[in-house]
Amino acid sequence: MEAFSAAEIIAAKRDHHSLTDPQIDWVVDAYTRGAVADEQMSALLMAILLNGMENREISRWTDAMINSGERMNWSALSRPTVDKHSTGGVGDKITLPLAPLVAACGAAIPQLSGRGLGHTGGTLDKLESIPGWRASLSNAEMLKVLQDCGAVICAAGAGLAPADKKLYALRDVTATVEAIPLIASSIMSKKIAEGTSALVLDVKTGGGAFMSDPEKAKELAHVMVGLGKRAGVKTVALVTAMDVPLGLTAGNALEVRESVEVLAGGGPSDIIELTVLLAQEMLELVGIKDADPAAALKNGKAMDVWRHMISAQGGDPDAKLPVAKENTVVTADRDGTILSMDAMKVGMAAWRLGAGRSRQGESVQAGAGIEIHAKPGESIEAGSPLYTLHTDTPAAFARALESLENSVTIGAVPAGGIDRLPLVIERIVD
Ligand code: URA
């Protein structure tokens, strides 16, 4: 005999009532074990999207998702643990240089990552372009890599927040991904269950982010910081720009190559700036005050950790990265300054070239994606390369080129300057 009926809980939320703690505990648990049907949970998710949840409900929903699975424990480590989560954007490869950098500065990074879905790439897809690298590790292997290297980036096991796995797949097909209570509880349940003691959230906003409205992104950041703190995780959020792609590449192996350039002391300035900024936030949260992350990127210490971490997971840090079979160059159609570059259009094009997937379980092309030759603020001449498109399936070029139409504006800089979001829009601590 079940404690509640799903229909009564759906009706309560439909009629704008708050759900009680026992109702939330039951419905999340009952859905995970199959006692609440997909169609019932779909209706409840839509009622939550339309009518919202108060902070107590979001916090309880998050706890119920955490309690659906295991909670990891890193008390065997001598270093403090800290992690970073990005809500995702085009060319966002920051985790790749950041995890080894923060480890080189003295913290431990237990980073459980995901695969890409839609126009934003996934960290695991990127790292899997390195020959031999393995995303799936047992808990004991994770601990060993963390102890030996200071950082581990791997797939979350099936035991971590299984309620979220079911709910996320359902939200994806019921147009309920966008609800702030559901996004916040989904992200934070996994991060809290992961067992990190501190967390920096990079909440993206702008045309290439899934929260394009900065006010919504700030609201999401506040809710997630509140959830982290209530669970005893020291949490800070930066709301950052995703109007323009990050760096000069979007696509798996292309982004690994760019990350290695940053670890070698070079690379694009926006990637270096955001990586160092996030590293400073992470180190501050765990009380490491005497580290200099900018120096650790330049002097090779972060690169040493990267090489060690990649090898520890079966990868060959010296192996040649995969290159797509075909490429084509898009050139500028006029002289002038690049005034804007639409991150969403670039992300969609990279996805259409084969860098991303449209369904869970699909494979991705390691070499597919886009190289960007000039960014907003730079001047360009008619006929000069703007993008190089890479794919193993040349039939994909036509659709990728379609999504790149009108992706840049080129002209004279207006009197007020170029209209761009600042890299960091807001820092949120409570
Ligand atoms: N990432 C997640 O893990 N969950 C969401 O709901 C959205 C982004």
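In this chain, numbering begins with 1 at the start of the sequence shown. Order of appearance sets the numbers: ligands from 1, and atoms from 1 within every ligand.
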Check each atom of ligand 1 against the heavy atoms of I187 and keep those under 4.0 Å away; list them by number with element. 1 (N), 2 (C), 3 (O), 4 (N)

Provide, to 0.1 Å, the distance between atom 3 (O) of ligand 1 and the closest protein heavy atom, together with that atom's residue and name. K190 NZ, 2.5 Å

N/O donor-acceptor pair under 3.5 Å between K13 side chain and N51 backbone: no

Run the numbers for me: atoms of ligand 1, each under 4.0 Å from some heavy atom of Y168, listed by number. 4 (N), 5 (C), 6 (O), 7 (C)

Any N/O of H85 closer than 3.5 Å to an N/O of ligand 1? no

By number and element, which atoms of ligand 1 are closer than 4.0 Å to a non-hydrogen atom of R171? 5 (C), 6 (O)

Identity and separation of the nearest protein heavy atom to atom 4 (N) of ligand 1: S186 OG, 2.6 Å

Would the distance check show the side chain of E141 and the main-chain N or O of Q313 forming a donor-acceptor pair, the cut-off being under 3.5 Å? no

Using a distance-only test with no angle check, is there a side-chain donor-acceptor pair under 3.5 angstrom linking Y387 and S407? yes

Donor-acceptor pair, Q111 side chain versus K84 backbone, under 3.5 Å? yes

So, does T240 use its side chain to make a donor-acceptor pair with the main chain of D202 at under 3.5 Å? no

